Amino acid sequence: MPGSWQTPTFLKWLRRTHAWLGLAGAVAGVLFSITTLFMEYDDFGLNDEVVPNTVMEFEVPESALASWDDFRAYARERVGARRSGAYPRNFTPSDDPINYQVRFNSPGDAIDVRYQEGDEVAQATRTNRSFIDTLNRLHRAEGGPLGWRILSDAYTGALVVLALTGVLMWSRLHGHRLLGLGLFTGMFVFALYFMTLTP
């Protein structure tokens, strides 16, 4: 550790940085901890209400059936989705015969649009998610807006810096403590490697 860092001024800066990041980390920690419990224990029975589905139908012009990408763009415009849309799980589009499906995900709802050759119209089903479901999806960053993902990444970075500043404050930048931390970290990473990455 550079000798110029081992000063009361630097330690004071560390404490202030740790305190402010700790405030942000506490807010994020409470939110993520609660949603983790909801996901782990099936929402504690608080999310068992039936969520109504809204169904709409619309005609699809020939130009929108040229490919799945064309269908997705047209469906997005008709249902007013903000995101570009993706394949539903375990689905592969088919051009012969035509079988197109696209899902538009957001934290608060999901819109599934389907069209098969021979159908007169495409069918769009909107599933409205409950408040708890919305929080859980934001926790997993599934279907969230760009702003939420940036905020989540910022919180993650803040927690990393929070941990590092906490370690540095504990060590007080003394050589023996820093050496001990280095040895402990090395052993932890070594043990984690053998526990998770080796057969």
Side-chain angles (χ1 to χ4, degrees), residues 21 23-161:
L21 291 178
L23 177 62
V27 174
V30 169
L31 176 60
F32 279 80
S33 298
I34 290 174
T35 51
T36 297
L37 290 174
F38 278 137
M39 289 186 290
E40 183 70 20
Y41 296 102
D42 296 328
D43 303 332
F44 294 100
L46 300 177
N47 196 30
D48 56 357
E49 71 273 12
V50 176
V51 181
N53 293 335
T54 302
V55 178
M56 65 172 291
E57 296 179 341
F58 55 87
E59 296 182 355
V60 183
E62 289 294 331
S63 58
L65 297 177
S67 69
W68 181 85
D69 288 325
D70 293 327
F71 176 76
R72 175 179 60 176
Y74 181 76
R76 179 185 180 187
E77 179 182 352
R78 290 301 305 266
V79 301
R82 294 183 179 181
R83 299 180 66 82
S84 59
Y87 298 133
R89 289 182 180 179
N90 302 320
F91 170 76
T92 302
S94 171
D95 293 320
D96 186 22
I98 293 175
N99 181 21
Y100 293 152
Q101 297 181 30
V102 60
R103 165 166 281 202
F104 303 99
N105 260 324
S106 72
D109 60 20
I111 305 175
D112 291 293
V113 184
R114 300 183 179 188
Y115 179 84
Q116 290 185 335
E117 187 171 334
D119 292 345
E120 296 182 358
V121 294
Q123 187 177 78
T125 304
R126 182 191 301 269
T127 303
N128 298 309
R129 297 191 175 97
S130 68
F131 176 70
I132 293 177
D133 275 338
T134 300
L135 285 181
N136 289 345
R137 292 185 67 80
L138 287 174
H139 178 120
R140 298 189 298 265
E142 292 184 5
L146 178 62
W148 174 260
R149 286 178 290 179
I150 292 175
L151 182 62
S152 298
D153 291 343
Y155 270 130
T156 302
L159 291 175
V160 171
V161 176

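Throughout, numbering of the chain's residues begins at 1 and tracks the sequence. The shown structure was predicted, so the numbers you read here are calculated from the model rather than taken from an experiment.
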Exercise: identify the closest heavy-atom pair between [X] and [Y]:
{"X": "Phe104", "Y": "Gly85", "answer": "CD2-CA, 3.5 Å"}
{"X": "Pro88", "Y": "Gln101", "answer": "CD-O, 3.7 Å"}
{"X": "Arg83", "Y": "Asn105", "answer": "CD-O, 2.7 Å"}
{"X": "Val79", "Y": "Arg126", "answer": "O-NH2, 3.7 Å"}
{"X": "Val60", "Y": "Tyr74", "answer": "CA-CE2, 4.1 Å"}

**Study point:** For Thr125, all residues meeting side chain to side chain donor-acceptor pair (under 3.5 Å), sequence neighbours excluded
**Key:**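 Result, side chain to side chain donor-acceptor pair (under 3.5 Å) vs Thr125: none returned.
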Practice item. Not counting sequence neighbours, which residues clear side chain to side chain donor-acceptor pair (under 3.5 Å) with Asp119? List them please. Key: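 Asp119 satisfies side chain to side chain donor-acceptor pair (under 3.5 Å) with no other residue.
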Practice item. With rounding to the nearest 0.5 Å, note down the distance linking OH in Tyr115 to CD in Glu57. Key: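 Reported to 0.5 Å precision, the distance equals 12.5 Å.
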Point to revise | Atom pair CE/CD1 of Met56 and Ile111 - distance to nearest 0.5 Å | key: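 Rounded to the nearest 0.5 Å, the CE-CD1 separation comes out at 9.0 Å.
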Exercise for review: Quick one: list whatever passes side chain to side chain contact (heavy atoms under 4.5 Å, CB included) with Pro93, sequence neighbours left out.
Suggested key: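 Testing Pro93 for side chain to side chain contact (heavy atoms under 4.5 Å, CB included), a comparison that skips the adjacent residues, returns Trp68, Tyr87, Phe91, Tyr100.
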Check your understanding: Residues two or more places apart in sequence or in another chain: which of them pass side chain to side chain contact (heavy atoms under 4.5 Å, CB included) with Glu120?
Key ->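 Applying side chain to side chain contact (heavy atoms under 4.5 Å, CB included) to Glu120 gives none.
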**Study point:** Non-neighbouring partners of Arg76 that pass salt bridge (charged side-chain N to carboxylate O under 4.0 Å, His left out), sequence neighbours left out
**Key:**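 Applying salt bridge (charged side-chain N to carboxylate O under 4.0 Å, His left out) to Arg76 gives none.
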Check your understanding: Counting only heavy atoms not in Arg114, do more than 12 sit closer than 6.0 Å to its CZ atom?
Key ->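 Not more than 12 within 6.0 Å, no.
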Review point. Any side-chain heavy-atom pair from Phe58 and Val113 closer than 4.5 angstrom?
Key: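 Yes; the side chains approach each other to less than 4.5 Å.
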Check your understanding: Quick one: salt bridge (Lys or Arg N to Asp or Glu O under 4.0 Å) pairs with a partner in residues 92-104, sequence neighbours left out?
Key ->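 Counting only pairs at least two positions apart or across chains, the salt bridge (Lys or Arg N to Asp or Glu O under 4.0 Å) contacts touching residues 92-104 are Arg103-Asp112.
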